[in-house]
Q: 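First the structure, then my questions, so here it is.
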Amino acid sequence: MLKKLTAKRIEIFFFYAFLLISALSVILNKYNPSLDGPSHLYYSHLINYLLSGNEFINNHFALNKIPAPNLTDHYLLALFNLVLPFTVSQKLLLLIFVVGFPLSIRFVIKLVNPASICLSAFAIVFSQSFLYYLGFYNFCLSFVFLFAAIGVYFKYFSDETRQVTTKGYILLFIFITLTYFTNGLAFGYLAVILFLYELSTWYTVLRNKHESSDKKKLLIRILIFSLLWIPSAACFYLFIKGVPMQASGEKKSFAELWQWICDVSPLVVYGDFEHPYTRKFLQLLGILLLTVLYFRFRNRTILRFLKDDIFLLVTIGTIAAYFFIPSGTSVGMMSERLCFYMFIFLIVWMALQKTGGKLILLISIAALFTQAVFLIKVHMPIISDLNKAVEVIRSSGEHIEPNSVVLPVDISDNWLFFHVSDYIGVDKPLAIVEGYAEGSAGWFAVNWNWDKMPKLLLGDSVSNVSVSWANNPNSKTVEQIEYIFIHGDFTQIGEQKWVGLKSVIDTKYKLVYTSPDERVHLYRIIL
């Protein structure tokens with residue numbers, strides 16, 4: 001009893017200690033820079049400007065009226081922004097994921113197989129993923145609600161001999177709805193997983209030939225359980241009907257996809273130099289899988305299908321989808337998303353199996369230490385440099401007047417800076433009209449307001465060979481793009497691909513600000 005108690009305390013200490021380290025990486029990081037993060041921050045401010053009646057913003061943007069499965073983070077940030085600085089709002093949002101994801105998986109494991117609760121440590125590892133650093137906030141947040149919903153189901157629905165309480169139905173409905181509005185793929189997975197578990201329960205009740213009163217209760221359960229999904233399913237239908245998907249057709253080769261698995265690509269963020277760290281996680285997962293299979297063989301269940309093998313079925317289905325569905329399907333980067341799901345579901349399946357406690361505890365602790373070294377030694381120095389770059393962007397934005405139209409131009413050749421100019425719009429109303437923006441898609445909280453958007457001129461033209469911008473060339477209202485915000489190596493402006501932009505700058509705009517590091521050049525139209 002003393003040994004078990006000691007092991008339990010050791011596990012609790014390591015889990016929460018390293019969860020704190022993960023949380024501190026968010027709290028102590030001023031901007032938490034990512035690819036799409038600046039856009040999410042900017043659009044959350046646009047929501048508040050639109051709701052408060054800012055006419056200038058309303059002439060360029062409009063709230064998305066379609067119940068899209070990608071809205072949660074925008075509205076949470078908008079809510080937080082009402083009372084908090086944007087840096088704190090972002091940290092609060094990220095903490096919901098970084099802390100909530102491991103705790104939600106821990107909740108699921110504790111309900112089903114508390115002896116393997118230490119494997120919830122792998123959720124801490126995978127919370128610092130490539131997609132997290134891409135700024136795919138809704139994708140990340142959806143895992144909190146996905147596993148919270150699964151946990152609620154296990155707590156209130158798993159015992160077929162007990163009637164489900166009203167509280168159970170209400171909680172499940174809330175998390176189903178939250179999962180939908182956060183991410184459509186997570187909603188689909190949640191539906192598959194819970195309906196498979198429900199089918200197993202329904203089959204058990206019918207097979208055991210319960211009394212007619214039990215069958216009546218079962219019919220009521222089937223009816224209510226099915227009704228919980230109708231609102232979200234209806235929203236999904238309206239979304240699919242109203243927002244056409246423009247798949248790119250991009251497809252990865254089998255060899256590349258296989259290499260992603262070997263490299264544990266969901267954890268590779270900045271480059272191949274991270275492989276020595278990420279491959280250690282594959283080795284730990286391999287040892288864990290062999291341990292699970294050994295205990296299944298020893299317990300004579302290796303060929304039996306157990307109820308919790310539903311997660312194995314979902315994992316296998318995800319692997320098949322990973323190799324056969326083109327990466328460019330739907331909203332794109334499908335291979336990256338499925339690869340992440342594949343690892344997570346495999347880990348959950350292994351955590352629900354009966355295994356040796358000491359060995360899996362050692363595996364979990366090894367994973368936590370590896371992740372901490374990886375984070376501190378590799379990621380944090382890079383993030384520190386990115387924070388300095390964001391600080392330059394923020395300072396540059398102080399030289400732009402509110403209620404202005406800004407054309408951002410990125411000549412940095414750094415994929416992480418694709419949306420970095422959106423930081424200038426997080427504390428004042430600006431129409432940042434970058435060529436590709438979330439407003440161009442139909443699955444974000446804010447869209448371009450094509451009905452009111454004016455004809456925007458760069459110089460004397462509605463187009464330019466070097467840059468593109470959101471525009472309504474058929475509008476009778478004509479406006480000038482007031483600012484050109486250029487970020488990157490300005491010496492490249494003399495290259496042929498920028499000749500059109502340079503010509504306009506030389507004739508129609510004047511330089512009003514250059515950052516101390518000369519990475520930002522801000523031009524304003526000559527009135």
Side-chain angles (χ1 to χ4, degrees), residues 21-22 25-26 28-40 94 97-98 122 124-137 139-140 248 250-286 322 327-328 332-344 366-393 410-423 436 487-489 492 517 519:
I21 292 174
S22 185
S25 72
V26 174
L28 301 178
N29 185 353
K30 183 173 183 180
Y31 292 111
N32 290 283
S34 62
L35 174 64
D36 283 355
S39 291
H40 289 242
L94 296 180
F97 168 66
V98 168
F122 278 94
I124 298 177
V125 173
F126 277 84
S127 67
Q128 303 282 336
S129 71
F130 171 59
L131 293 167
Y132 169 78
Y133 286 106
L134 275 184
F136 283 17
Y137 291 165
F139 177 86
C140 294
S248 67
E250 178 190 8
K251 188 172 185 179
K252 308 291 183 181
S253 68
F254 181 89
E256 183 177 6
L257 294 173
W258 177 253
Q259 190 61 49
W260 282 11
I261 295 175
C262 296
D263 295 333
V264 194
S265 68
L267 300 181
V268 179
V269 179
Y270 298 115
D272 295 345
F273 59 88
E274 299 177 38
H275 290 166
Y277 291 93
T278 61
R279 287 169 184 164
K280 286 182 172 62
F281 295 114
L282 184 69
Q283 294 167 3
L284 292 172
L285 289 173
Y322 172 68
S327 186
M333 297 191 68
M334 193 58 63
S335 298
E336 288 86 347
R337 301 168 199 263
L338 291 172
C339 192
F340 188 89
Y341 269 106
M342 178 178 60
F343 277 104
I344 296 302
L368 289 172
F369 272 104
T370 303
Q371 169 60 21
V373 173
F374 187 26
L375 176 64
I376 295 170
K377 190 174 181 179
V378 178
H379 286 174
M380 294 311 294
I382 296 174
I383 293 171
S384 177
D385 290 338
L386 291 172
N387 272 310
K388 294 175 184 177
V390 174
E391 190 66 54
V392 171
I393 300 293
D410 177 35
I411 56 176
S412 66
D413 293 327
N414 185 333
W415 61 271
L416 275 168
F417 291 152
F418 193 66
H419 297 297
V420 73
S421 58
D422 284 340
Y423 278 115
Y436 173 81
H487 174 262
D489 182 3
Q492 296 183 25
D517 63 357
R519 297 289 293 178

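In this chain, residues are counted from 1 in sequence order. From a predicted model like this one, the values you see are computed outputs, not experimental measurements.
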Q: Decide if the gap between the ring center of Phe97 and the ring center of Phe136 is smaller than 6.0 angstrom.
A: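 Not close enough - the centres of the two rings lie 6.0 Å or further apart.
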Q: Tyr322 side chain to Leu257 main-chain N or O, any donor-acceptor pair under 3.5 Å?
A: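 Side chain of Tyr322 to backbone of Leu257, a donor-acceptor pair under 3.5 Å: yes, one is there.
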Q: With distance as the sole test, does Thr370 use its side chain to make a donor-acceptor pair with the main-chain N or O of Ala366 at under 3.5 Å?
A: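 Side chain of Thr370 to backbone of Ala366: a pair is present.
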Q: Once rounded to the nearest 0.5 Å, what's the spacing between atom CE of Met380 and atom CG of Leu386?
A: 10.5 Å
Q: Just jot down the side-chain contact (heavy atoms from CB on, under 4.5 Å) partners of Ser129, sequence neighbours excluded, or say none.
A: Leu131, Tyr132, Phe340
Q: Locate the shortest heavy-atom distance separating Gly37 from Tyr137; write the atom from each residue and the value.
A: CA-OH, 3.5 Å
Q: Let me confirm one number: the CE-CH2 distance from Met342 to Trp260, rounded to the nearest 0.5 Å.
A: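 Between Met342 CE and Trp260 CH2, I get 10.5 Å after rounding to 0.5 Å.
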Q: side-chain contact (heavy atoms from CB on, under 4.5 Å) between Asp422 and His40: does it pass, once the steps are laid out?
A: CA-CA 9 Å; Asp422 284 340; His40 289 242; over 6 Å; no
Q: Going through the checks in order, is the side-chain contact (heavy atoms from CB on, under 4.5 Å) test met by Val264 and His275?
A: CA-CA 8 Å; Val264 194; His275 290 166; over 6 Å; no
Q: Can you name the side-chain contact (heavy atoms from CB on, under 4.5 Å) partners of Lys30, sequence neighbours left out?
A: Asn387, Glu391
Q: Testing Ser327, Ser265, Pro266 one by one against Glu336 for a side-chain contact (heavy atoms from CB on, under 4.5 Å), which residue passes?
A: Ser327
Q: Only one of Tyr31, Tyr423, Phe418, Phe417 passes side-chain contact (heavy atoms from CB on, under 4.5 Å) with Pro38; say which it is.
A: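 Result: among Tyr31, Tyr423, Phe418, Phe417, Tyr423 is the only option passing the side-chain contact (heavy atoms from CB on, under 4.5 Å) with Pro38.
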Q: For the pair Arg337 (side chain) and Gly332 (backbone), establish whether a donor and an acceptor sit closer than 3.5 Å, ignoring hydrogens and angles.
A: yes
Q: Looking at every heavy atom in both Glu274 and Leu267, which two are closest together, and how far apart are they?
A: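 What the structure gives for the nearest pair is OE1-O, 3.6 Å.
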Q: Enter the distance from Phe122:CZ to Phe281:CZ here, rounded to the nearest 0.5 Å.
A: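 Rounded to the nearest 0.5 Å, the CZ-CZ separation comes out at 8.0 Å.
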Q: Checking side-chain contact (heavy atoms from CB on, under 4.5 Å) for the pair Leu35/Tyr133: CA distance, chi angles, key distance, verdict?
A: CA-CA 7 Å; Leu35 174 64; Tyr133 286 106; over 6 Å; no
Q: Are His487 and Val420 packed together at the side-chain level, in the sense that at least one heavy-atom pair is separated by less than 4.5 angstrom?
A: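 The answer is yes, as the side chains (C-beta and beyond) meet within the 4.5 Å cut-off.
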Q: State, to 0.1 Å, how close Cys262 and Leu282 come at their nearest heavy-atom pair, and which atoms those are.
A: O-CD2, 3.2 Å
Q: Do the non-hydrogen side-chain atoms of Phe126 and Gln371 ever get within less than 4.5 Å of each other?
A: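 They are not in side-chain contact.
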Q: I need the Phe374 CZ to Lys280 NZ distance, nearest 0.5 Å.
A: 10.5 Å
Q: Can you measure from OG (Ser34) to NE2 (His419) and round to the nearest 0.5 angstrom?
A: 9.5 Å
Q: Pairing donors with acceptors under 3.5 angstrom, does anything connect the side chains of Asp263 and Thr278?
A: no
Q: Which atom pair, heavy atoms only, marks the closest approach of Val269 to Trp415?
A: O-CZ2, 3.7 Å
Q: Between Phe343 and Ile261, is there a side-chain heavy-atom distance shorter than 4.5 Å?
A: yes
Q: Taking the side chain from Gln128 and the backbone from Ile124, do they hold a donor-acceptor pair closer than 3.5 Å?
A: no
Q: Rounded to the nearest 0.5 Å, what separation is found between the CG atom of Leu375 and the CD1 atom of Ile383?
A: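 Between atom CG of Leu375 and atom CD1 of Ile383 there are 6.5 Å.
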Q: Specify the closest pair of heavy atoms between Ile393 and Ser421, including all atoms of both residues, with the distance to one decimal.
A: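 Here Ile393 and Ser421 meet closest at CG2-CA, 4.5 Å.
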Q: When you measure from the side chain of Asn32 to the backbone of Asn29, do you find a donor-acceptor pair of N or O atoms at a distance under 3.5 Å?
A: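 Yes, the answer is positive, given that a donor and an acceptor are paired below the 3.5 Å cut-off.
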Q: Do Asp36 and Leu134 touch side chain to side chain, with heavy atoms closer than 4.5 Å?
A: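 No, their side chains stay 4.5 Å or more apart.
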Q: Set out, in order, the CA-CA distance, both residues' side-chain angles and the distance that settles side-chain contact (heavy atoms from CB on, under 4.5 Å) for Arg519 and Ser412, then state yes or no.
A: CA-CA 9 Å; Arg519 297 289 293 178; Ser412 66; 3.9 Å; yes
